[in-house]
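What follows is a short report on a single structure.
Side chains are part of it too, since the values below use all heavy atoms of this structure and drop only hydrogens, waters and symmetry mates. A note on names: the letters A, B, ... follow the listed sequences, proteins ahead of strands, and every chain is numbered from 1.
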Amino acid sequence: MDDSEQKLLVTAALPYANGPLHVGHLAGAYIPADVFVRYQRLKGSNVLFICGSDEHGVPIKIRADREGITPQEVIDRYHGMMRKSFQGIGLGFDNYSRTSLPLHHKISQEFFLTLNRKGFVTEKSVQQYHCNTCGRFLPDRYIEGECPHCHQDGARGDQCESCGRWLEPEQLIDPKCKECGSCPEMQSTKHWYFRLSEFQGKLEEWQASKSDWKSNVREFCSGWFQEGLTDRPITRDIDWGVPVPLPDAEGKVLYVWFDAPIGYISSSVEWAQKQGQPELWREYWFDPNTRLIHFIGKDNIVFHAIVWPATLMAHGDFVLPDHIPANEFLNIEGEKLSTSRNWAVWVDEYLDVFPPDPLRYYLEANAPESKDADFGWKDFQAHNNNELADVLGNLINRCLSFTEKNFDNRVPPACKPEDADRAVLDAIAHSAQTIAAALESFQVRRAVNEMMDLARTGNKYFNDSAPWKALKTDRERCGTILNTTLQLLASLAVLMEPFLPFSAEKLWQMLNGSGSHREQCWNAIQDLRLADSHPLGKREILFEKIEDGIIEEQVAKLHS
RNA sequence: GGCGACGUAGCUCAGUCGGUUAGAGCGCGGGAUUCAUAACCCCGAGGUCGUUGGUUCAAUUCCAACCGUCGCUACCA
């Protein structure tokens, strides 16, 4: 199929709106998704990139109660912060929505009703702890008590941190509400269950065809299939969420895990409305040829690879996920990231101090693709200084500076190309192919390294060719060397776009390229040429080095 | 407890569908150069590929056990 006809519907996990965005979020889902989408756009693919804030659920409600504000104020705050962070780091969503919108509520309710009408939802009464003081039913992890096994105090209703055993809340001795400390009591309550168990066969059959999925996703699912899927409650007893659209469901909302992925659909609908073509979203979601790709972190695998596809199957009509590239986690300075201990690097705070591309580059080159990776400030500095500044930035600067000083800042003509010159042009084509192949299989790390290797090739060529010597003996030869290197820079401006969009744009301007580098075609990069005598733009340092002191401040801040 | 992942040079990681001298970047040592953000380029030192067994003509690569790190375990989304 022609790339321009193949529709791509790309989603990045909806971030939960009870805290700001951190580098772990970026590394796991957002940067890989953005790199993929930017590459696809250069290729000319028809791609829709969707995201939004996930704004329901108990944790948001509890945060609001603690701070004495409304849940709406909580989500407004974090939705705004995350949106700004995404923009600052260059996430190019076509639409960034939020699940608190009436549009999303309506679509989620319709979804629920369809499943109910088709008989995939059943009603059940269950016993649950209820805190009379806080006035709500308590999720397992919000109940604490003495562990029945090791008798340690402070065990949670889902698991004892001390002995690691998995618990049921009613096993706890002397249970207490984690928020207020009072003793909860068992109450009967009614919930609606999604009949997930009915879909095991279809899911297994469907996944059997996904041999190109990453092993972490496949292994994870096979474990679940072996255990056997069970029906899942998809409603909750709180007043913050999408109300269950049934007459006898007062005070019940849809479980966030049910409504959140529907946010991918409602965000697409909102996008279509903003385009003035309110039905346009159907061309993506209802076309069986659409490749639906969900970028997520590994904590999301079971929901995206099992529960959500089953939900889509139950509803019918919608396209099923084609691929679910799930990344592992990012640690910070060797320790597990923890928002409650403030052991995290927040994107908004990063952007107060640094430009976006160095962080993008670091997370791309150090992406947690096959196993957990580590974010280290010194490591970040090293990647910026040794690679972005010394290899890529220096190649650009040495070439432009030389051309400016000796050739009136114009592209010298290429005369009598030699083997070395041709080899550089061949290397461009080869890199473009290698990077494309890596990105098609979601290997950002390999792809960005290949891009940097092309810059290394450029440095070696420039060095071996020694235009500063040729300048004195053979001005024509010197011009040819610069011409070749400048063509390499033009290609790099396009090749950099998926990884370093801000710098790619600046480089294109420095080269005084026509239009935007984003209008170039990835598949024709090797044919991209700056014309003889083409006037170059204004030169500037593309990647500043980062001084030790700045890094030390960040490390100190992390430990404070 | 169950399931899974990972453990390769000082550091961060590739790789090996079993088979000549195990790779990259950084860091380190030496050299060359001066166009450039004291950058670039070349050379070099450094690894019994977590441990112990097994299969095999041959294992770092397959299998088992063990040790270590981590994740998931179904209402933390």
Review point. Between the side chains of D237(A) and H191(A), is a donor N or O closer than 3.5 angstrom to an acceptor N or O?
Key: yes

Study note, to complete from the structure: Expected label for G46(B) (glycosidic angle, syn inside 90° of 0, else anti) would be syn

**Study point:** Parallel, tilted or perpendicular, as decided by the 30° and 60° cut-offs, for the rings of Y264(A) and H304(A)
**Key:** tilted

Review point. Can you tell me how far P in C70(B) sits from the matching atom in U56(B), rounded to whole Å?
Key: 38 Å

**Study point:** Rounded distance in Å between the P positions of C13(B) and G71(B)
**Key:** 16 Å

Practice item. Please measure how far the P atom in C17(B) lies from the corresponding atom in A22(B), and state the result in whole Å. Key: 16 Å

Check your understanding: Between A14(B), C75(B), G25(B), which nucleotide gets closest to the side-chain atoms of K371(A)?
Key -> A14(B)

Check your understanding: Counting side-chain heavy atoms from CB outward, which of C35(B), C72(B), C76(B) is closest to D140(A)?
Key -> C76(B)

Practice item. Round to a whole Å and report the spacing from CD of E387(A) to P of A24(B). Key: 15 Å

Exercise for review: List the atom of S53(A), the atom of A17(A), and the distance in Å for their closest heavy-atom pair.
Suggested key: CB-CB, 4.4 Å

Review point. How are the rings of W468(A) and F462(A) set relative to one another: parallel (under 30°), tilted (30 to 60°) or perpendicular (over 60°)?
Key: tilted

Check your understanding: Is the ring centre of W468(A) under 5.5 Å from the base ring centre of C35(B), and are the two planes under 30° apart, so that they stack?
Key -> yes

